[in-house]
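Inspection log for the structure reproduced underneath, given as structure tokens.
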2 protein chains.
Amino acid sequence: MSSKAVTRADAGLASTLRVAVLRLRRRLVNEHAPDNDLSIGSMAVLGALAKGGEATIGELAAHERVQPPSMTRIVGCLADGGYVERRASDTDRRQVIVAITEKGRATLEADKRRREEWLARRLAALTPQERAILRAAAPVLEKLATSE
Amino acid sequence: MSSKAVTRADAGLASTLRVAVLRLRRRLVNEHAPDNDLSIGSMAVLGALAKGGEATIGELAAHERVQPPSMTRIVGCLADGGYVERRASDTDRRQVIVAITEKGRATLEADKRRREEWLARRLAALTPQERAILRAAAPVLEKLATSE
DNA sequence: TATTGTTATACTCTATAACTATA
DNA sequence: TATAGTTATAGAGTATAACAATA
């Protein structure tokens, strides 16, 4: 296979992958439990805090790939609901340290299964081989999403 | 591995996959060529028309998993730009048949490579094995996205 | 009466620009 | 002067509800 052929094959892969990701994301958003008052983005921030510990607004914005004002808003909503707490950094009082609360952690755990119910059900309907493929693909997708 | 263990493993997969898809989608949107006056959703509709031929508003809405009013809007923008043409159905004059124009087809082709440049570049940076994993995963993701 | 699509309206999420406080 | 975050504002994309035309 020539280098040009590889490039062409990857262009096709990019196309397919792109469409699949966009459609799947739309399904995930649509199936998002409506009795959950936290948006998908907010839950992602809670997840990041639960996994990585405290973080500044800037760090969260970079991690979630949104602009700082967007993260200010998300964290504001989370703080209003008591899911996170904000405090000024000791070393640099411009920085705002965000930490997940017990309520946030409990909400994250409680909602985790429910929020993923739709996807888990769809995964259960796949063949074991298809699930194995996705298990292998998930970290690669994550790598793509966070590259550079 | 017990059935419960399988369920737990799949719950983890759902979680990982979900986060990866949301993040990757955000990257795709952010890297979307700004000199393209058509949104990602509009391009997806053009692609569906190019691939599947004419379709009604309702069919397009179902295919793209959006509500009919949203599709009316998207098709309106495409028609304004001359990328598609609308006409009433012969057999049912309530229905609106949407067809891609030559301009639409040309735009789709011309933009295809450019729009996928970012993703293709990231794919090229992966190992051959990682690309193989994604090639196998793409149809499974598509299946997930369009299931039910 | 049911269905297809449109219009009117509002909501969610995000971004850019301008500003405040701190370094 | 530069940086972290916030406020103000605007835009893109989508949804629901009410409506028109047709079946």
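Remember, it's a predicted structure, so these values are computed and weren't measured experimentally. Below, read A as the first sequence line, B as the second, and so on, with proteins coming before strands; counting in each chain starts at 1.
- Going from atom CE of A:Met71 over to atom P of C:dA15 covers 10 Å, rounded to whole Å.
- Using a 4.0 Å cut-off, some side-chain N or O of B:Thr72 falls inside it from OP1 or OP2 of C:dT6.
- Whole-Å rounding puts the A:Gln67 CD to C:dA18 P distance at 15 Å.
- With rounding to whole Å, A:Arg73 atom CZ is found 12 Å from D:dT9 atom C1'.
- Between A:Thr56 and D:dA4, a side-chain N or O to OP1/OP2 separation shorter than 4.0 Å is absent.
- Of the residues listed (B:Glu64, B:His63, B:Glu59), the one engaging B:Met71 in a side-chain contact (heavy atoms from CB on, under 4.5 Å) is B:Glu64, and it is the only one.
- Under the side-chain contact (heavy atoms from CB on, under 4.5 Å) rule, B:Val140 has a single partner from A:Leu123, A:Leu126, A:Thr127, which is A:Leu126.
- The distance between atom CD1 of B:Ile97 and atom P of C:dT4, rounded to the nearest whole Å, is 12 Å.
- Comparing A:Gly41 and B:Ile57 along DNA chain C, the residue whose closest nucleotide (by nearest heavy atom) sits nearer the 5' end is B:Ile57.
- Judged purely by atom type and a 3.5 angstrom limit, A:Ser70 has no side-chain atom pairing as donor or acceptor with the backbone of A:Val66.
- Atom CG in A:Leu28 sits about 15 Å away from atom P in D:dT14, given to the nearest Å.
- Test A:Arg25, A:Arg23, A:Arg27 against B:Val21 for side-chain contact (heavy atoms from CB on, under 4.5 Å) and you get one pass: A:Arg25.
- Checking A:Pro69 against B:Val96, the closest nucleotide of DNA chain C that is more toward the 5' end is the one next to B:Val96.
- Summarising the geometry, the separation between CZ on B:Arg94 and P on C:dT1 is reported as 17 Å, rounded to the nearest angstrom.
- A close approach under 4.0 Å does occur between a side-chain nitrogen or oxygen of A:Ser70 and OP1 or OP2 of C:dA15.
- Counting non-hydrogen atoms of other residues, nucleotides and ligands closer than 6.0 Å to CD of A:Glu85 gives a total of 12 or fewer.
- In this structure, A:Asp92 atom CG and C:dA21 atom P are separated by 15 Å, rounded to whole Å.
- If you check distances only, the side chain of A:Arg93 never reaches the base of C:dT22 with a donor-acceptor pair under 3.5 Å.
- Straight-line distance from the CG atom of B:Asp90 to the P atom of C:dT4: 17 Å, rounded to whole Å.
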